[in-house]
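Working notes, structure below.
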Amino acid sequence: MNLPQTEFPMKANLPQREPEMLKFWADIDLYKAIRSVSKGKPKFILHDGPPYANGDIHAGTAMNKILKDIIVKYKTMAGFDSPYVPGWDCHGQPIEHNVEKQLGEKAKTISQVDFRKLCQDYAMRYVDIQREQFMRLGVSGDWFDPYLTLKHEYEATNVKTFGELYKRGLVYKRRKPIHWCVKDQTALAEAEIEYKDEVSPSIYVKFPLKSEFEPVKTFDEPKFIVIWTTTPWTLPANVAVAVHPEADYVAIKTAGEILIFAEARLEVVATETGIADYEVVAKFKGADMEFLKCEHPLFSEKESVVVLADYVGLDTGTGAVHTAPGHGQEDYLTGLKYDLPAPMPVDAAGHFTKEAGQFAGMYIIKANKAIIEYLKEKNLLSYDTEITHSYPCCWRCKNPVVFRATEQWFISMDIDDLRKEALKSIADVRWIPDWSIRRINSMVEGRPDWCISRQRSWGVPIPVFYCGDCQEDVVTEETIKSVVELFMKDGADAWFDKSAEEILPQGYTCPKCSGKKFVKETDILDVWFESGVSHEGVLKTREELKWPADIYVEGSDQHRGWFQSSLMTSVGVYHRAPYDAVLTHGFVVDKDGRKMSKSLGNVVNPLDVIEKSGADILRLWVASSDYTVDVAISPDILKHVGDAYRRIRNTFRFMIGNLFDYNPETDAVAYDQFLELDKWALHQMTQLLKTVTASYESYRFHGMYHTVYNFFTNELSSLYLDILKDRLYASAAGSRERRAAQTVLFEMLQVFTGMLAPVLAFTCEEAWSYLPEAVRKTSSVHLSEWPVLNEDYLDAELATRWDKILKIRDEASKALEEARNAKLIGNSLEARVELYVDGATKELLEQYEPQLAQMFIVSSIDVHSFDAAPEDAFKSDTIEALAIKVFAARGSKCERCWRYEDTVGESPEHRGLCARCAGVLAGA
RNA sequence: GGGCCUAUAGCUCAGUUGGUUAGAGCGCACCCCUGAUAAGGGUGAGGUGGCUGGUUCGACUCCAGCUAGGCCCA
């Protein structure tokens, strides 16, 4: 008997084995080895989007990197030189924030340069941590020479690109409101804001209507539009009153005046302002009021215009919203739409400036009272109380935060048609899945100008100088060049270290006024700008890469993020997208489709999965899921993946075990010497390889997974391999039929380890190492080439014939099951089967009659006419004119092959054996 | 509130341009085997196709609304 023998363990023990494999890859320097065998092949560049260097990886980042790795590994095997240079986003507010928290009180006294050093240490610490975690996933790449946004050359790239965009005229400066803490006198990011309950004034203010307004023109009484606000101190900056275009508004007549506000607020406003007697004298739409002019309630010489805005709500207030573009995000956007000024009468410390007239010098919160008093005096205040509401506060000092317009840098979307050009470039990119293009299109169409400045320390400075004399911005090719050179050499730190004169070329003078003194810009660039120039800083910079990239692969949130920032910087400078294709994936969610969160208790940590089950389980999970939508993960789902993994692993093990005595160089059997079933198997395998290759090519990995897995289950385990057992175990070791089976198994093992290597990176490597060394052309499966599709294995005619026979086999299984339930047989070898068929089917079966028993794994099969079928025979539901009758097998059980044979006992030397087995032993 | 997307058996997925009893594998149940053995084989039971309307001779497939969920805005 030739039973399988192998050291390939059934139990994967991936948590222990994978690290050994990683060590092996490190020992042979797999990444470099791949580069050297790929040299000269066409390039396929997947450009990595840089994760943020903060915290551990999570299921989302793990999935992202695994997807990328599957693509890169596939492309590499498929004949491309596909270097993968991972990157990290190292600057930005979260790191700065964390460092600041760690510093505590010391944060206030530390120098900017020292602070930046701490931020760098922080970022590098997490680069190290994440690098190790990503590598542990089996992702191969240039891990020890990644791109980092904090590297000198990379920092210089930002300056270079900024210079190009500036030169094209796309960069400009404008006021925009940002969160501002007047106590700490600093800008705050969204994440630095905490919401607390605060008590604020709640007032209705009457804006005297100056324009003639048709619906109320017959009335002589003074007319007012009534607004509601909880921040009286923002009134000095008022320039408009916003109303909802579709909402109904009313004019009411009361006590010698006409008041205008939303109909829906009539009762509440009347009650709160104590108006008992009134009459609705007119009704109209908000849209009717557009462009009406009001007198500014505080400064009678100024005007406030009525504008339309969809965000105006009717649940609170009056349906008429006080609008100060300098003090609010929505107000700001409305201001842009109507081209309104954005006065900012509040200084950095929260005091009114001269612009605020009689309130100049007052601290804004205290000014509330003065403003209310003033309004009362002018009889423009109709309600005055207090309200407790949730209000944004500074994370550091806990004081209320204000919106305050400050000068910011922008990239214009419409100067020189950047937006149009971007939209045109989008059309030239392949977006996967195809709805992705709709999303990016609508976002680019609708996005406002890109605000690229931040009032921060940890980042790349905006390379602008201001002339000390004429105050003009100075950005020229010369200044850009000097900053680029400086950053290349000393990094962006030098900006904070050196004076403007030290940075600029010696004797540099202002192009406008020839001034010699300069001041540096203190703002830094938005980190999205930084990552957005990676195509320049990485693709164009590194020799092994190319520009544009073949593909970018990120989560769908990057339509607003990296896909777009990369597009804009690329279109802005090179007039085309930096990628030929963009593939997006969904987010990782729990089994119910909910986002993972601590409070829901549904977080799956990839590091735990690796530790418990192994990275290949995670990789298989990624491959099994349809990433175009959100991807679910849960302990239960991972358990199912684990089950599937074991099936694949055991199939490998079975193949390996049965090849223990097979030497491909001497034992291989030629195709024409194969049994027909072997040819059928190779045909099926070849078809599978076609399908699988097509799936990889179209990035449909889950389709690939299901196809392969079904093949393992249906074609292999339950069919081909099951039938093969008799041949492998009982035939003479060197017999043609056994060697033929081994030849097929060997071929299959190579094909399957190859086609699954991009996914099961560790397990396929492990299985690969069990191939006979003589045929292993490469030390690692990841150095091998994509399995060759052998057209000679295709035989459609033979496949059709055998598919018919195998369908009958399925029916026989049902008949056997009935016999088993009737206790007639146990093992199918205990059965003798009679098939009753007609016509072409009969001819077919008769042609193969001697082989059928082996194919059906029973002891014997006879074919008869359908007419001869006994009454109680099994009748097929699916195949016409097919009846099957199962009997207990004749003869005795062969001790060796377990088949029931009349010939058992015939051989005097081997009393317990059938003729075949006796013959095998006699020959041995 | 807006844009894009998703909703088919317990799980992961298929379902060609609307057309006969909606498929696969896993899991589950039961059975067999004990020479892939913490394996392997067989049979079988599981679906109001998120919900509600509409178009149509006919819809899982088209349309509208709703619900739940995701990403991004506001």
Side-chain angles (χ1 to χ4, degrees), chain A residues 1-6 8-11 60 309-313 329-330 333 433 435-443 445-448 555-561 564 584-596 620-621 623-626 628-634 636-644 646-647 649-658 700 702-714 716-719 721-726 728-730 809-810 812-823 825-831 857 896-898:
Chain A
M1 288 295 276
N2 317 296
L3 296 179
Q5 298 172 21
T6 179
F8 187 81
M10 176 177 280
K11 190 169 176 344
D310 289 330
Y311 57 78
V312 172
Q329 207 58 244
E330 287 175 329
L333 292 172
W435 51 256
S436 164
I437 192 170
R438 281 204 288 282
R439 185 157 178 183
I440 189 82
N441 253 326
S442 71
M443 281 180 169
E445 269 167 15
R447 69 160 297 157
S556 62
D557 56 331
Q558 299 305 328
H559 283 97
R560 175 149 295 269
Q564 222 182 115
T584 56
H585 59 253
F587 275 63
V588 179
V589 293
D590 76 3
K591 63 194 288 281
D592 301 315
R594 275 167 219 283
K595 72 164 94 181
M596 295 197 290
L620 196 58
W621 161 71
S624 72
S625 308
D626 178 1
T628 61
V629 295
D630 288 340
V631 175
I633 192 168
S634 68
D636 194 44
I637 289 168
L638 286 167
K639 187 181 163 293
H640 291 306
V641 174
D643 288 344
R646 289 212 311 277
R647 176 54 156 260
R649 184 177 180 88
N650 271 320
T651 305
F652 279 157
R653 181 168 182 270
F654 180 83
M655 293 181 183
I656 293 167
N658 282 106
R700 295 192 72 253
H702 73 288
M704 184 285 296
Y705 164 84
H706 283 282
T707 313
V708 173
Y709 190 66
N710 282 348
F711 191 85
F712 270 49
T713 301
N714 300 329
L716 295 184
S717 275
S718 79
L719 194 60
L721 300 184
D722 208 24
I723 293 171
L724 234 45
K725 284 173 193 168
D726 178 71
L728 288 165
Y729 301 168
R809 183 184 190 262
D810 287 339
S813 292
K814 288 175 193 157
L816 286 166
E817 183 65 15
E818 283 186 0
R820 187 147 40 226
N821 290 334
K823 302 290 173 200
I825 58 163
N827 184 327
S828 62
L829 284 174
E830 291 167 21
I857 320 185
R896 187 163 175 276
C897 70
W898 295 349

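Chain letters run A, B, ... following the sequence lines, proteins first, then strands; residues in each count from 1.
Classification of A/K725 and A/D722 as a salt-bridged pair holds, one side-chain N sitting under 4.0 Å from a carboxylate O. Here A/K639 does not pair with A/D636 in a salt bridge; the nearest charged N to carboxylate O distance is not below 4.0 Å.
Nucleic acid contact for A/H559: none, since no nucleic acid atom lies under 4.0 Å from a heavy atom of the residue. A/T651 comes within contact range of at least one nucleobase, with a heavy-atom separation under 4.0 Å.
A distance of about 40 Å separates the P atoms of B/G25 and B/C66, rounded to the whole Å. Nucleotides B/C4 and B/C60 have their P atoms positioned 26 Å apart, rounded to a whole Å. Taking atom C1' on both nucleotides, B/G19 is separated from B/G58 by 7 Å, rounded to a whole Å. The separation of B/G41 from B/C5, taken at their C1' atoms, amounts to 43 Å, rounded to a whole angstrom. Between B/G65 and B/G1, the two P atoms lie 14 Å apart (nearest whole Å). Rounded to whole Å, the C1' atom of B/U16 lies 22 Å from the corresponding atom of B/U12. Comparing the P positions of B/A24 and B/C71 gives a spacing of 35 Å, expressed to the nearest Å. B/U20 and B/A39 have their P atoms separated by 41 Å, given to the nearest Å.
For B/C4, the paired base is B/G70 (Watson-Crick or G-U wobble, both distances below 3.5 Å). Pair check for B/U16 finds none; no Watson-Crick or G-U wobble contact set falls under 3.5 Å. With a cut-off of 3.5 Å on both Watson-Crick or G-U wobble distances, the partner of B/C26 is given as B/G10. Under the Watson-Crick and G-U wobble criteria, each requiring two contacts below 3.5 Å, nucleotide B/G65 is paired to B/C51. For B/A59, there is no paired base (Watson-Crick or G-U wobble, both distances below 3.5 Å).
Dashed line: the shortest gap from a side-chain N or O of A/K823 to OP1 or OP2 of B/C32 is under 4.0 Å. At the phosphate of B/A36, OP1 or OP2 sits under 4.0 Å from a side-chain N or O atom of A/Y729.
With centroids closer than 5.5 Å and planes inclined by less than 30 degrees as the test, A/W898 and the base of B/G35 pass as a stacked pair.
For the pair A/F587/A/V631, no side-chain contact is recorded, criterion being any heavy-atom separation below 4.5 Å from C-beta on. For the pair A/N714/A/L719, no side-chain contact is recorded, criterion being any heavy-atom separation below 4.5 Å from C-beta on.
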Letter by letter from the 5' end, nucleotides 39-47 of chain B scores (B base, S sugar-phosphate only, - none; protein heavy atoms under 4.0 Å) SSSBS----
Under 4.0 Å protein heavy-atom contacts per nucleotide of nucleotides 61-66 of chain B, with B for base, S for backbone only and - for none: ------
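Considering A/R447, A/H559, A/Q558 in turn, A/R447 is the only one that fulfils the side chain to side chain donor-acceptor pair (under 3.5 Å) rule with A/Q564.
A donor-acceptor contact under 3.5 Å is formed by the side chain of A/R439 with the base of B/C71.
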